[in-house]
Amino acid sequence: MTAAAPAVASALPTRWAKIIDHTRCIGCHACSTACKSENEVPLSVNRTYVKYVDIGTFPHTRRAFQVTRCNQCDDAPCVPACPTAAMFVRPDGIVDFDKSRCIGCKACIAACPYDAIFINPNDHSAEKCNFCAHRLDTGLEPACVVVCPTQAILVGDLNDGTSEVSRIVHRDAVTVRRPEKETRPKLFYKGAHQATLDPIAARRPAGGLFMWSEQRSGARAVVSGHPFTPANSSAAALLAYDVPHSMPWDWRVSLYTWTKGIAVGAYLVPLLLVLANLMPPDHALWVWVAPLLGGAFLGLTGLLLVWDLEHPARFLYIFTKAQHRSWLVRGAYIITAYAAVLAGHVAGSVFDMAAVHRALMGPGLVAGLLAAVYTAYLFAQARARDLWQSPLLPPHLAVQAILAGAAALTPVAVVIAPGAVDTLLWVVAASGGAHLLFVGGETTTGHPTAHARVAVAEMTRGRYRWFFRTGVTLVAIGVGAPWFGAGAAVVALIGLLAHEHAYVQAGQSVPLA
Amino acid sequence: MNVHEMNRRVRAARDEVERRGETFYPGPSRIHLAAFPPKERWDSWVELDSASWPERRERRYTLVPTTCFNCESACGLLAYVDADTKRVRKFEGNPEHPGSRGRNCAKGPATLNQITDPDRILFPLKRVGARGEGRWSQVGWDEALDDIAGRIRRALQEGRHNEIMYHVGRPGEDGFTERILAAWGVDGHNSHTNVCSSSGRAGYQYWMGLDRPSPDFANADVILLISAHLETGHYFNPHAQRILEARQRGAKLIVFDTRLSNTATHADHWLPSIPGSEPAVLLAIANHLIRNGAHNRDFIRRWWNWEEYLAVVHPDVERTFEQFDAILQSLYAEYTFAFAARESGVDEVTIAAAAAAVASAGTRLATHTWRSAAAGNEGGWQVARTLFLLNALLGAVATPGGTHPNAWNKFVPRPIHTPPHPKRWNELTWPQEFPLAMNELSFLLPHFLRERRGKLDVYFTRVYNPVWTNPDGFSWIEMLTDPQQVALHVALTPTWNETAYFADYVLPMGHSSERHDLHSYETHDAQWIGFRQPVLRAARERDGVPVTDTREVNPGQVWEENEFWIDLTWRIDPDGAMGVRRYVESRRSPGTKLGIDEYYAWAFEHSVPGLPERAAREGLSPLEYMRRYGAFEIRRGVGAVYEEEVPRDDLQDVADGSYGRVYTRAPAVASDNIVPQASPEPDAEGRRPIGVRVDGRVRRGFPTPSGRLEFWSGTLAAWGWSECAIPTYLRSHVHPDHLDADQSVLISTFRLPVHIHTRSGNAKWLDEIAHTNPLWIHPTQASALGVATGDLVRVETEIGHFVLKAWVTEGIRPGVVACSHHMGRWKIHDHGQRQLMNTVRLDHSGSAWGIARLAGPGPFASTDMDTKRIWWTDAGVHQNLTFPVHPDPVSGQHCWHQAVRVRRGAPGDRYGDVFVDTTKSRAVYAQWMAKTRSAREHSPDATRRPFWLLRPLKPGKTYFRLPEAPTHGGTPTA
């Protein structure tokens, strides 16, 4: 028997919620260390911490605090994004996690609009605030609630009209972070300032410093505060303290989008050329190169995906513990189906059965297209990342696959089928042009959200500008491939990789907390 | 919402728990969840393991209370001792603690880091090679104790008592070690207080004979804080709890802080005053109260020593209250809002609004100052004096919601042995130049030793780090490395510090959960005691395994001070022939050493009213009760002790002194509570002061010479300071008039919520949050210098400079710069706190000293996996080294604020550079010594010091007499 107190029966099921009362918070960080202690959270990561923003000009200055942590969303983006249901919602509304199921794909982190989830560097699994569920279940308040000197953190049942939490939620002026993300947070702030609630309302300090700590640097580091000039308020606001954040997906994911593009395009380009009668069905590029090159890059893609997992040995959980709303799971099925098509195609080549090739063209077209575009849905499931919420991303990825495929086939064709080179160069030119059109649209039209605009700015003139500019330039050279020759196709392929990296990283570079 | 229903629900949950015979600790959420396990189950508590979650793995714990050992607040902790591993899994708050009430600041949970710190010192170490060379050999406790005890014994036998000195940081205990020194018969107590709170204390002491405020924040209508007390400073956790309670009731908060602090953020009225101008603003508020008749005339008439003031200062006017009130009207007339605005830089409207708020408070004005402005400025003791003037004007003294004196909200139980007052006077700590010093002139020690005023044979530094903390640290290194000045330096510390590098012995002492201490602090209007104990010892005893030496349960050979001092004292006088041993002897079995259990059991059984009865109700002995619950509240709502009528029995052969002071021949009954208080002198016939006659009745009054609140201090007047005997405004050494056009004021003392001086650098969770101290500078000043955040700036003081990064912020007044305390820790060798110390090179040539930063913190492999995750590379810059000594001529407090020149980093300047010329230190020392008014010239009665004033380890009265000729002299060494 561990209960400190009996559960009190209530008509409705419990729906746990918390209040952070910033009219009481003194910014002392007791909650931060009590949580580290209770949940054995390692250095470099945090389940909860207190952000400081200094607002105003002397002497009309104030410091706003934000106790920053998981929002316990009713519609938690991390849950559908998790391929193995390691992130799950309990009947009482707590978004909890099970580390024994976690494969470390970081899709939950990419999805969370609050940057509340992290990989524990000791056990390599995703974790976050879970309202101290292990304490609630034994009749104890969470550690942060108990320690707080000024009782600024309260826990209670939203379905219990008599709880203090319920009273405050329904009677006081409470706010939630980033309501536009439509996650229905059950963490409510009382007396919070807009300059803290909005992660890019405050300026990021220069010089790698906060008021008493360093800003962490590194390729994956995301430093809080607006990297340029905050545009959503005229009040002066400077981010004075925050903890290090990092983006979930590094260069391996950038590289994956590229290898997968080649894997798909290497098959789809010959397929479309055959269908359009621009290539005979017994052409070596179609019979042999398409499935083998595609298969090789598909294998590479798979390796990259597994390598990117924090628990590579658990990669099969995607199938054995599949959570079917996850686009990682769906993508795995698609890639498997596509791999099957390629395998069938190779079998058809080995046994010289053109009928197999023909029969697989329909399924291959569908599986290939899906394999090309599902990443757009995977990225879109990362609800935190506004840049990736683009309706044009599926066609853009399809175009990129064609470009990648044609460009990758070109050097092979130079060696084994010089006659096809011209055709391929025209495909490179056309798809490269289309790609640049997409990129141009992406970067020159207005985006609907400030976060997307920050991401575009980071991509085009911020921390990823050199990757981006290289990408555009090299692909532009590729557009001239019919005139410059096969070398230009290879240049375009490298340019595409640079672009993928700029796009994938810029999408994650916007401060969320 | 329905409060009634909510309360009913909590009550139902509580009833259910209580039906099981258990305690329900309600939490802030006021639902059925408890904040803590019922105390009835603290012996065996089962909790679910967070790391295995959602698998429900049960873990069994023994819950043992102890007390935090970081700041002075002494908040309760509850250690979760794992029943299987016998290790502490975590620290939570102790719900049975009346001050902290189960809540903690960030340092409470981080105590776990301190006990598991891979860099902590686990064994007694003895120096090998030269002092400061950084080579150590492990030594047995017996060898170290015999060596140290032998030296002390010889010194005592040869009459060299003044060569024994114990120098303490925040004691975190009430008097244990002071009594050990008394047992040795030495006047060897040296505290850190004169670099900390002396000026704050002095201001209160001259008013009421009690030296610390105990504001009843929870019941206040208006709260006035001078400092960032909501988020830093001693007692901030217990105080912030109560301030926020008052705020939720609608109380107004006034904050004086030059810098945007978290506290300033919460203020209804924020006054970012120019450093040192605080008394000007406070007097303007006082003037407003007086002018508008908002002052409490009846209280003033009854409780101020206005009669004495009129008699001495205005002998020509009729001695009536009306006359005094009329004089009061004009005394502060010059302190207009306009004047205050000019001095403080705060606009008149803001000052007027704060004044109006104060005027509305009535007797519910709770005010607080401690270090801050009082510690920063020459004459800073007038900050406390002018602040308390507001309480005294409104009668908000020990009222509900008012400011109480500390001693009435504090309880120090009489211990088993009380050695007598020392029979000597140590001029190294209490020099004649500072007859009114609140505490020892500790930070002048290197200068005094250099002047050959004395030398030290055995010098203990105890959880104290003067090389780093005190001003002029290089002079401390010069002192500590000279064996002619300090023959043996023993550092008692749980963790490496910059002073311990220059020790001969480094003796590891336990952290908060590894030692015994008893303490009581004025956190609110109540009296409580808190008990710090080695939790593994208590846990093992609960299992029925007796422990007689705390080393048995502590890591390595880490000891605790109580047992150490008893053992050392025993070895000084092993046969009892010197009369020293008896103060550490058992009463139960005479001739044997006093054990810790007996020591505390005696105090709990004999000196804590109500504790034996309370313990008996639970079937426990008083000691068992304290081991189980860690704290005991003796009284709540002590109230206005001064108003209490003196019982008839205490009035025998009564004589009335001047102005209503009442003396009695009734013998004093030894009180159970030996809290330090001032001791007004008896009358000419030897009657002791017992009270004061107010409107015909004899009331307790205050422990001042007059028995009343001393608006005018006869003591200050008599000892040469008549011009500031009433609360007044003294222009600080950093007043704008005293600065050159290119100088700024540097505020160097501001603290961060998560650190506490050099005591918390061993807590990784705290270091991760805060690990550097850039220079706060306003954008206008920064752009004039051409620096942005992160750029190097060089800050030049009177004796040197340091180089750090700029933090350009709107949170500071233009013309004032600020650099936080705590940071800039360093190590010169392998030993040290790798997570928050820079590795530096110490350069030295003659009087020129420098520090060059070689490396910052970084990841490393250790017993703690986390040290590989250290991501910060900065540990800040050590600024105190570049500060010369600034002793306030009255209080003796080091005045911390610095007049500095801030320049853009010069070519060749590197981050972390420090340079000092100690010749210049000595020149500045001489300038400030010239401000003093020595007892030799100013004592009215040929004594060294007013006997009535508070003084730690007070010698017998005979030893207050000035010697015939100066006892120190000689010429400074080259």
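So you know, we letter chains A, B, ... as the sequences are listed, proteins then strands, and number each from 1. Values reported hereafter were calculated over all heavy atoms of this structure, with side chains retained and with hydrogens, waters and symmetry mates removed.
There is no contact between A267(B) and chain A, counting heavy-atom distances below 4.5 Å. Heavy atoms of V41(A) lying under 4.5 Å from chain B belong exclusively to its backbone. Proximity to chain B is limited to the backbone of C25(A), based on heavy atoms less than 4.5 angstrom apart. For chain A, no part of I243(B) is nearby; none of its heavy atoms comes within less than 4.5 Å. Of the atoms belonging to S166(A), not a single heavy atom falls under 4.5 Å from chain B. Proximity to chain B (any heavy atom under 4.5 Å) is shown, for A236(A), by neither the backbone nor the side chain. Heavy atoms closer than 4.5 Å to chain B are found nowhere in D123(A), neither backbone nor side chain. In this structure, the portion of V808(B) lying under 4.5 Å from any heavy atom of chain A is its backbone and not its side chain. Both the backbone and the side chain of V155(A) come within less than 4.5 Å of a heavy atom in chain B. Contacts of L238(A) with chain B are made by side-chain atoms alone, with heavy-atom separations under 4.5 Å and no backbone atom involved. Within the 4.5 angstrom heavy-atom criterion, only backbone atoms of I153(A) (N, CA, C, O) approach chain B. Proximity to chain B involves both the backbone and the side chain of V147(A), based on heavy atoms less than 4.5 angstrom apart. For chain B, the nearby parts of C28(A) are the backbone and the side chain; heavy atoms of each come within less than 4.5 Å.
Aromatic ring pairs are classed by plane angle as parallel below 30°, tilted from 30° to 60° and perpendicular above 60°; the pair F58(A) and W270(B) is perpendicular.
Side-chain atoms of W212(A) come within 3.5 Å of backbone atoms of I769(B) as a donor-acceptor pair (strictly under, hydrogens ignored). Formation of a donor-acceptor pair under 3.5 Å by the D866(B) side chain with backbone atoms of P42(A) is not found in this model.
Distance check: N104(B) CG to C31(A) SG gives 12.5 Å after rounding to the nearest 0.5 Å. With values rounded to the nearest 0.5 angstrom, H778(B) atom NE2 is found 7.5 Å from T57(A) atom OG1.
Comparing R247(B), Q248(B), M865(B) by how many heavy-atom pairs each has under 4.5 Å with chain A, the most go to Q248(B).
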Tell me, with the steps shown, if E92(B) and R135(A) meet salt bridge (Lys or Arg N to Asp or Glu O under 4.0 Å).
CA-CA 13 Å; E92(B) 292 193 16; R135(A) 288 176 64 100; 2.8 Å; yes
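Annotation for S163(A) and I31(B): closest pair CB-CG2, 4.1 Å, computed over non-hydrogen atoms.
A salt bridge does not link E55(B) to R101(A): none of the charged side-chain nitrogens sits closer than 4.0 Å to a carboxylate oxygen. The existence of a salt bridge linking E40(A) and K90(B) is excluded, since no basic side-chain nitrogen approaches an acidic carboxylate oxygen closer than 4.0 Å.
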